[in-house]
J.: 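Just passing along the structure, written as structure tokens.
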Amino acid sequence: MSDATPDEVMIAAAAGELAGVRTVFVGIGLPNAAANLARQSVAPDLELIYESGVVGARPTRLPDSIGDPALVSGAAATMSMRDLFGGFLQGGRIEVGMLGAAQIDRWGNLNTTVIGPYDQPSVRLPGSGGACEIALNAQRVVVVMNQSRHTFVERVDFVTSPGHRRPDGSGERPSWAGAGPTAVVTQLGVYHFREDGEMELAGLHAEVDDETVDAGTAWAMLRAATITRLPGPLAQTLEAIRRLVG
Amino acid sequence: MSDATPDEVMIAAAAGELAGVRTVFVGIGLPNAAANLARQSVAPDLELIYESGVVGARPTRLPDSIGDPALVSGAAATMSMRDLFGGFLQGGRIEVGMLGAAQIDRWGNLNTTVIGPYDQPSVRLPGSGGACEIALNAQRVVVVMNQSRHTFVERVDFVTSPGHRRPDGSGERPSWAGAGPTAVVTQLGVYHFREDGEMELAGLHAEVDDETVDAGTAWAMLRAATITRLPGPLAQTLEAIRRLVG
Amino acid sequence: MSSKVVSLREAIAAHVHDGDTVAIEGFTHLIGFAAAHEVIRQGRRDLILARLTPDLVYDQMVAAGCASKLVFSWLGNPGVGSLHAIRRAIEAGELEIEEYSHHGMVARYAAGASHLPFFPLRSYDGSDLAAANPLIRRVSSPYDGEEIAVVPPLNPDVTIIHAQRADADGNVQAWGIVGVQRDAALAARRVIAVVEELVDSSVIRDDPDRTLLPGTVVDAVCVEPFGAHPSFAQGHYDRDNGVYRDWDAISRDPSRLAAWLDEWVRSLDGRAAYVDRLGPAKVDALRPDPRPSGSVDYGSYR
Amino acid sequence: MSSKVVSLREAIAAHVHDGDTVAIEGFTHLIGFAAAHEVIRQGRRDLILARLTPDLVYDQMVAAGCASKLVFSWLGNPGVGSLHAIRRAIEAGELEIEEYSHHGMVARYAAGASHLPFFPLRSYDGSDLAAANPLIRRVSSPYDGEEIAVVPPLNPDVTIIHAQRADADGNVQAWGIVGVQRDAALAARRVIAVVEELVDSSVIRDDPDRTLLPGTVVDAVCVEPFGAHPSFAQGHYDRDNGVYRDWDAISRDPSRLAAWLDEWVRSLDGRAAYVDRLGPAKVDALRPDPRPSGSVDYGSYR
């Protein structure tokens, strides 16, 4: 039985979502650890792209900030944010965008802006950063976040980064946009999206059962035809994560 | 009495138009020689900016082409053409654009595209290059060209680079544009523009008289209140020009 | 050419006025703390502060009462949490906000730099951001009728950037992450460049590709080594992550924050004194080992 | 990572097809003559050739019968005169043209690179260019109603760029004039990079700011020293102005031009043979003296 922490389970599962991927747009925190882990395992050709304008980073340490001198030294390229967001992200050159969120709904809409009303929030979150355009322009999006009834909500308080439909189920993604969220990784399991854009449970981490998922979701979570029992990180993966996260 | 050639007279007079100027957008040929001469004389702080993206060039030789390795080595900066045309020229950072032309009219409209109709030209010229946007976005424009009834025409065959009014005298420059042509330098003299945008004779080179100007203009050229007798290049200026042009 | 080198005190006094729109840019890298502290010392008021990531630098300026409005795209202490002084000011109704995404801010500077009435970008569709900010609008393409989001130009009265080096003519060179620094400067009416090092023009002109801004667009050059601390200057010093982490507790507590501003800003006469207070041990600990870029050959042509 | 290095013959065979829109970019500098000659040797037809300045490189391709259309902004032999093969083809109705200004072409590549439906620019007001090209249109600003010119995106099927060096992963570095190379490549469906020199990845990664294109956007790397002659490669060789001047008489005369194509393109099996034919004296005469950029310090952080 593994002694992996919930964060370590998420990092390992998120890294698994990057198997064979060539370009990932990385945020700070868990996505950063997952992407670095993937490069050491399932995606050796993975180029880490940071919104600060660093492409093909080979960080010698896991940075506190998305801009860190260790990302630059030894990278393949730096570019201005105009080139990065314009020519690179908007130009369709990013396969996977990895995003976190404070809230998600069944359509994969992400909130990182406010809890409560925009003008009188109970919690003011950081806002979009690059998330809104990553959600729209990356070829697909992998979400990594903690799951509870406060985060997997019936209706997000603010759509920072669009998913597959508007919160009321109307609309669809613009024709020019990428595929949107294709996987959500939490400490409980892994979720995919149906053809119509609604989230469904696709995999459960070790020692997590169906009821825990329902207890951690504010709507009636759909089930995939088959639900995988996720293997959890191998000992060597855990070692690698701990080397990375320090 | 000077043994200056008509080209040398034009180069010297065009350099004089750059007195005290800080930034000039330089084309190839006579403007290039004039700008380099100005930097050695009346405009020591002049930064030569080439449309290839070189800023503050200190060429060790007069290049054949607007892009030349001698422009880059020792320059203050290189930049992409997007930054040069967008952030620099369009951003209003160029004081003087120096342009040549095959035809000019009384409003300072310049033709470098075709002689004859656009679809069936008798002579196909190179086209705009950067001239159209230089004419619109430089703070002001100095034109350097040979003068005759074939070049100083009643109506240009094609407006490549706009002057003060449309060829029929209608319209005016857009509110966001620079001042447009403020001086035209030819082998006969120097021309300025009146408030209403029409060209007038402002100065005559040595040994040129009024009738020569009229014989070299296909419309009735206006006269400035006072017409200067231009001094012509000093011996040391001529030497400098010959060192430059080689 | 007359030198553009002046003291930071003179540069701020000459170029930053009450009520100005000010951009102290630098995306995670080369954040102009020395300049911000000088603005605080000179007591500027009612500034509109623009920056993708307000970071500690604007949390300090807001705490010091310099600002009336914030224009931004990501409001947090990276890797740590919130910017508490800014949050308090917003909640107290003392600080107006105007919010974009990163690409929106990037595009606003791009429009400002290149004198465009708007800049189009593929963002905001399906997001609530456009409803929250009426300056995010839409334009139809005259080719296929497709609608696309646009943002308006941002033209700061003054942009302050920090960089590794400049010459006395104002040619500025930077390496590593350059973010939006070029556009933010080209968009501005006045530009102050604060640098780690003043170098001879020949150093600049030996490698013109490294030039971030030519001198013709720079109004003042100020030499302030360690002037971006606690952010970093590639090759000069590391990010001081401890300062970012400690800031959380400081900025949560208004009286601690006031004491911090007295100790680290108001009681000091400039960045040199700040570096003294940091102490040589801290400064040394932040110095990286060398990692040279190597040299390329531009060739000498005659 | 598997190497992207292939022969130029393989790269052109794989990535350039009859009827493609092709951009061989490089503004005066790093013009891809080696690649163009390989396209001629492989007998491609009906290409739409895009380039700001068609230059000798497209005059030769048009003379060889590769092209049906030209998209450009300045049509001439710089400092010399006309491009006669192109003029003849236009006059004979065998070559369609689509004409912009430089900024228009720059903006078209920018729109193509960044997946925008149009790109706005302050040009064409009062010029006849917009009347001559119906693809130059106008858009109203949703802020003040002001109208501004726009151009549509340009997305080549393949863009070919020349540069000083690359590694086997396809990371390309260039110095000196870079023109529109980055946007022209990012706008393309396929990218071929021809370089003077293949270097170890460590050389690239020691100076990431010099990278023009990261390997993720490059499909093939071909090593062809002197591949940009008679244009220049900063630090490697000078512009061969004599070739540009001599071209005038050659391209004026269709039979001389055909003989030139036989001698310098069709009878050769690649650029190495072309360099042999130029001869060591000419090659040596074009080599500049060294002028090193100097090195900067990125720092090693652990």
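Protein chains get the first letters and strands the later ones, always in sequence-line order, with residue 1 at the start of each.
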J.: Judged by modelled atom types alone, do C/Thr53 and C/Arg51 share a side-chain donor-acceptor pair under 3.5 Å?
T.: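 Side chains of C/Thr53 and C/Arg51: pair found under 3.5 Å.
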J.: Under a 3.5 Å cutoff, is there a donor and acceptor pairing between the side chains of C/Gln164 and C/His236?
T.: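 Absent: no donor and acceptor within the cut-off.
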J.: Measure the spacing between CG of C/Leu30 and CH2 of C/Trp175 and express it to the nearest 0.5 Å.
T.: 9.5 Å
J.: Are C/Ser73 and C/His102 close enough that a side-chain donor and a side-chain acceptor fall under 3.5 Å?
T.: yes
J.: Between atom OH of C/Tyr109 and atom CZ of C/Phe119, what is the distance when rounded to the nearest 0.5 Å?
T.: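 Answer rounded to 0.5 Å: 15.0 Å.
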J.: Please look at C/Asp125 and chain A and tell me whether the side chain, the backbone, both or neither of the residue comes under 4.5 angstrom of a heavy atom of that chain.
T.: both
J.: Please classify the contact of A/Tyr118 with chain C as side chain, backbone, both or neither, using a heavy-atom distance under 4.5 Å.
T.: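 Just the side chain, heavy atoms under 4.5 Å.
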J.: With no hydrogens and no angle check, just 3.5 Å: does a side-chain donor-acceptor pair link C/Asn77 and C/Trp247?
T.: no
J.: Taking every non-hydrogen pair under 4.5 Å, which of C/Ser127, C/Gly76, C/Pro78 racks up the most with chain A?
T.: C/Ser127
J.: Between C/Val106, C/Asp238, C/Val180, which has the largest tally of heavy atom pairs under 4.5 Å with chain A?
T.: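 Of the options given, most contacts go to C/Asp238.
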J.: Quick one: which of C/Pro54, C/Gly126, C/Ser82 has the most heavy-atom pairs under 4.5 Å with chain A, could you say?
T.: C/Gly126
J.: Among residues 134-146 of chain A, which residues come closer than 4.5 Å to chain C, judged by heavy atom distances?
T.: A/Leu136, A/Asn137
J.: Identify which of A/Gly130, A/Gly53, A/Ala75 forms the greatest number of heavy-atom pairs closer than 4.5 Å to chain C.
T.: A/Gly130
J.: At under 4.5 Å between heavy atoms, what parts of residues 102-114 of chain A are in contact with chain C? List them by residue number.
T.: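 The residues closer than 4.5 Å to chain C, in numerical order, are A/Thr113.
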J.: May I ask you to list the residues in residues 164-181 of chain A that approach chain C closer than 4.5 angstrom, counting heavy atoms only, ordered by number?
T.: A/Arg166, A/Pro174, A/Trp176
J.: May I ask you to name which of A/Gly127, A/Pro69, A/Gly86 has the most heavy-atom pairs under 4.5 Å with chain C?
T.: A/Pro69
J.: With a 4.5 angstrom heavy-atom cut-off, which part of C/Ile97 approaches chain A: side chain, backbone, both or neither?
T.: side chain
J.: Check whether the side chains of C/Ser68 and C/Glu96 place a donor and an acceptor atom closer than 3.5 Å, and report yes or no.
T.: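 C/Glu96 and C/Ser68 do not have a side-chain donor-acceptor pair below 3.5 Å.
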J.: Does any backbone or side-chain atom of C/Glu146 lie under 4.5 Å from a heavy atom of chain A? Answer side chain, backbone, both or neither.
T.: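 C/Glu146 touches chain A through side-chain heavy atoms alone.
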J.: Excluding sequence neighbours, so at least two apart, what forms side-chain contact (heavy atoms from CB on, under 4.5 Å) with C/Ser141?
T.: C/Tyr143, C/Asp144, D/Pro117, D/Phe118
J.: Under a 3.5 Å cutoff, is there a donor and acceptor pairing between the side chains of C/Ser101 and C/Tyr124?
T.: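 C/Ser101 vs C/Tyr124: donor-acceptor pair found between side chains.
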J.: Kindly determine whether C/Arg108 and C/Asp183 satisfy salt bridge (Lys or Arg N to Asp or Glu O under 4.0 Å), including the steps that lead there.
T.: CA-CA 9 Å; C/Arg108 289 203 64 191; C/Asp183 279 341; over 6 Å; no
J.: What's the separation between atom CG in C/Leu70 and atom CD1 in C/Ile48, rounded to the nearest 0.5 Å?
T.: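 Those atoms lie 10.5 Å apart.
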J.: Where on A/Thr78 is there a heavy atom nearer than 4.5 Å to chain C: the side chain, the backbone, both, or neither?
T.: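 Just the side chain, heavy atoms under 4.5 Å.
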J.: If you measure only the distance, is there a donor-acceptor pair under 3.5 Å linking the side chains of C/Asp59 and C/His84?
T.: no
J.: Between A/Ala70, A/Ser80, A/Ala131, who has the most heavy-atom pairs with chain C when the cutoff is under 4.5 Å?
T.: A/Ser80
J.: What's the shortest heavy-atom distance between C/Ile136 and C/Ala130, and which atoms?
T.: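 The pair with the smallest heavy-atom distance is CG2-CB, 3.8 Å.
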J.: Of the backbone (N, CA, C, O) and the side chain (C-beta and beyond), which part of C/Arg182 lies under 4.5 Å from a heavy atom of chain A, both, or neither?
T.: neither
J.: What residue in C/Val80, C/Ile177, C/Leu83, C/Val178 has the most heavy-atom pairs under 4.5 Å with chain A?
T.: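 Sorted descending by pairs with chain A, the first entry is C/Ile177.
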J.: Is it the case that C/Arg239 places NZ or CZ above or below the six-membered ring of C/Tyr244, under 6.0 angstrom from the centre and within 45 degrees of the axis?
T.: yes
J.: Can the ring centres of C/Phe226 and C/Phe33 be said to be less than 6.0 Å apart?
T.: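 No, they do not, as the ring centres are separated by 6.0 Å or more.
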J.: Assess, by modelled atom type and distance only, whether the side chains of C/Gln234 and A/Ser73 contain a donor and an acceptor separated by less than 3.5 Å.
T.: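 Side chains of C/Gln234 and A/Ser73: pair found under 3.5 Å.
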J.: Could you check whether A/Gln90 and C/Arg122, counting side-chain N and O atoms only, form a donor-acceptor pair closer than 3.5 Å?
T.: no
J.: So which part of C/His29 gets closer than 4.5 Å to some heavy atom of chain A, the side chain, the backbone, both or neither?
T.: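 It is neither, since no heavy atom gets under 4.5 Å.
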J.: For chain C, find which of A/Gly129, A/Pro162, A/Gly67 contributes the most heavy-atom pairs closer than 4.5 angstrom.
T.: A/Gly129
J.: Given the rule in the salt bridge (Lys or Arg N to Asp or Glu O under 4.0 Å) test, do C/Glu147 and C/Arg138 qualify, once you have shown the distances and angles that lead to the verdict?
T.: CA-CA 6 Å; C/Glu147 284 209 335; C/Arg138 295 174 76 76; 2.8 Å; yes
J.: Assess the pair C/His229 and C/Tyr237: is the distance between their ring centroids shorter than 6.0 Å?
T.: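 No.
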J.: Does the side chain of A/Asp68 come under 3.5 Å of the side chain of A/Tyr50 through a donor N or O and an acceptor N or O?
T.: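 The answer is no; no qualifying pair exists.
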J.: Could you state the interatomic distance from CD1 (C/Ile86) to CD1 (C/Ile90), rounded to the nearest 0.5 Å?
T.: 6.5 Å
J.: If I measure from the heavy atoms of chain A, does C/Leu52 come under 4.5 Å with its side chain, its backbone, both, or neither?
T.: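 Only the side chain of C/Leu52 comes within 4.5 Å of chain A.
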